[in-house]
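Computed over heavy atoms, backbone and side chain alike; hydrogens, waters and symmetry mates excluded. Model, not experiment: these values are computed from the prediction.
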Amino acid sequence: MVLQNFIVFEGIDGAGTSTQLNILKKKLPEERTDFSSEPTTLETGKFLRRILSGEVPVHPETAAYLFAADRCEHIYGKNGIVKKTSEGIICFSDRYLFSSLAYQSQECRKGIPELLNSSFPLPEILFYFSIDPALSLKRIIGRDKTEIYEKEDFLRKTEAAYKMVMEDFKEKVPEMKIIEIDATLPVDEISGIISSALGKFGF
């Protein structure tokens, strides 16, 4: 199912999704929009961030189940995405189930990420930021903290998995609009591409 008024930004770490969402947040009317991310700021998401930082080591499949649980709260919980979109609010999320399909597929048994995420609704628009992992890591190095997945060999496999996921959804769910963005383009140029794609919402 494609959920109207739901828009997702995806890409490997360092692709620039957060930068673009922060630009949008400053430009768009607060009363008509909502911005969130995964892991969420809920208690489920806070625990996941401890896992991502390496503070709490868990089995990869445990992490996959926890990501799905956090996503369930994000979508169906109190004041979740489903409720907000039904009220006409345009909801933006930095990452969604596509991250799980790309990242968790590297370490989980085949089919586990797909099974855990099969019942979640899909966004109306998906912006996929494509970038060479070597370049994304150069961006990440400037951050105060790094996460367990931020290693070049892992990110190369994840970027390849992302491309396969995108192609699969293009074929199977044509009603979900997928816009691939060259994440090496200047920030302003990327922002223009995104604004043009969001023209239907009247911003």
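- Shown here is Lys170, whose NZ atom has more than 12 heavy atoms of other residues, nucleotides or ligands within 6.0 Å.
- A donor-acceptor distance shorter than 3.5 angstrom exists from the side chain of Glu124 to the backbone of Asn5, with no hydrogens or angles considered.
- With Phe92 as the partner, the ring-ring contact (aromatic ring centres under 6.0 Å, His included) test is satisfied by one option alone out of Phe6, Phe127, Phe35: Phe35.
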Inset, instruction - Verify side chain to side chain contact (heavy atoms under 4.5 Å, CB included) between Arg71 and Leu97, making sure each step is shown before the conclusion. - result: CA-CA 8 Å; Arg71 185 162 296 128; Leu97 63 84; 3.9 Å; yes
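- Below 30°, between 30° and 60°, or above 60°: for Tyr96 and His74 the angle between ring planes is above 60°, a perpendicular geometry.
- For the pair Glu167 and Lys172, the salt-bridge criterion is not met [side-chain N within less than 4.0 Å of a carboxylate O].
- More than 12 heavy atoms of other residues, nucleotides or ligands shown are found within 6.0 angstrom of CD on Glu175.
- Checking side-chain atoms of Asn22 against main-chain N and O of Ser18 turns up a donor-acceptor pair under 3.5 Å.
- For the ring pair (Phe, Tyr, Trp, His ring centres under 6.0 Å) test, residues two or more places apart in sequence or in another chain that qualify with Phe169 are Phe98.
- Under the side-chain contact (heavy atoms from CB on, under 4.5 Å) test applied with Ser36, the options Ile81, Thr41, Leu42 reduce to a single match, Ile81.
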Inset, instruction - Could you walk me through whether Glu87 and Lys83 pass salt bridge (Lys or Arg N to Asp or Glu O under 4.0 Å), step by step? - result: CA-CA 7 Å; Glu87 296 170 348; Lys83 180 177 184 295; 2.8 Å; yes
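- A salt bridge does not link Glu38 with Arg95: every distance from a Lys NZ or Arg NE/NH1/NH2 to an Asp or Glu carboxylate oxygen is 4.0 Å or more.
- Checked against salt bridge (Lys or Arg N to Asp or Glu O under 4.0 Å), Glu43 has the following partners two or more places apart in sequence or in another chain: Lys46.
- A donor-acceptor pair is defined here as one N or O able to donate and one able to accept, closer than 3.5 Å; such a pair exists between the side chain of Asp70 and the backbone of Gly45.
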Inset, instruction - Kindly determine whether Phe201 and Thr33 satisfy side chain to side chain contact (heavy atoms under 4.5 Å, CB included), including the steps that lead there. - result: CA-CA 11 Å; Phe201 295 104; Thr33 56; over 6 Å; no
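- Ion pairing of Lys157 with Asp153 is absent here, as no side-chain N (NZ or NE/NH1/NH2) approaches a carboxylate O to less than 4.0 Å.
- Salt-bridge formation is not detected for the pair Arg49/Glu55: no Lys NZ or Arg NE/NH1/NH2 atom is positioned less than 4.0 Å from an Asp or Glu carboxylate oxygen.
- Between the Ser136 side chain and the Pro133 main chain, a donor and an acceptor come within less than 3.5 Å of each other.
- Residues Val56 and Phe67 share a single hydrophobic cluster, defined by chaining ILVMFWY side chains whose heavy atoms lie under 4.5 Å apart.
- The neighbour count for Arg156 CZ, taken as heavy atoms of other residues, nucleotides or ligands under 6.0 Å away, is above 12.
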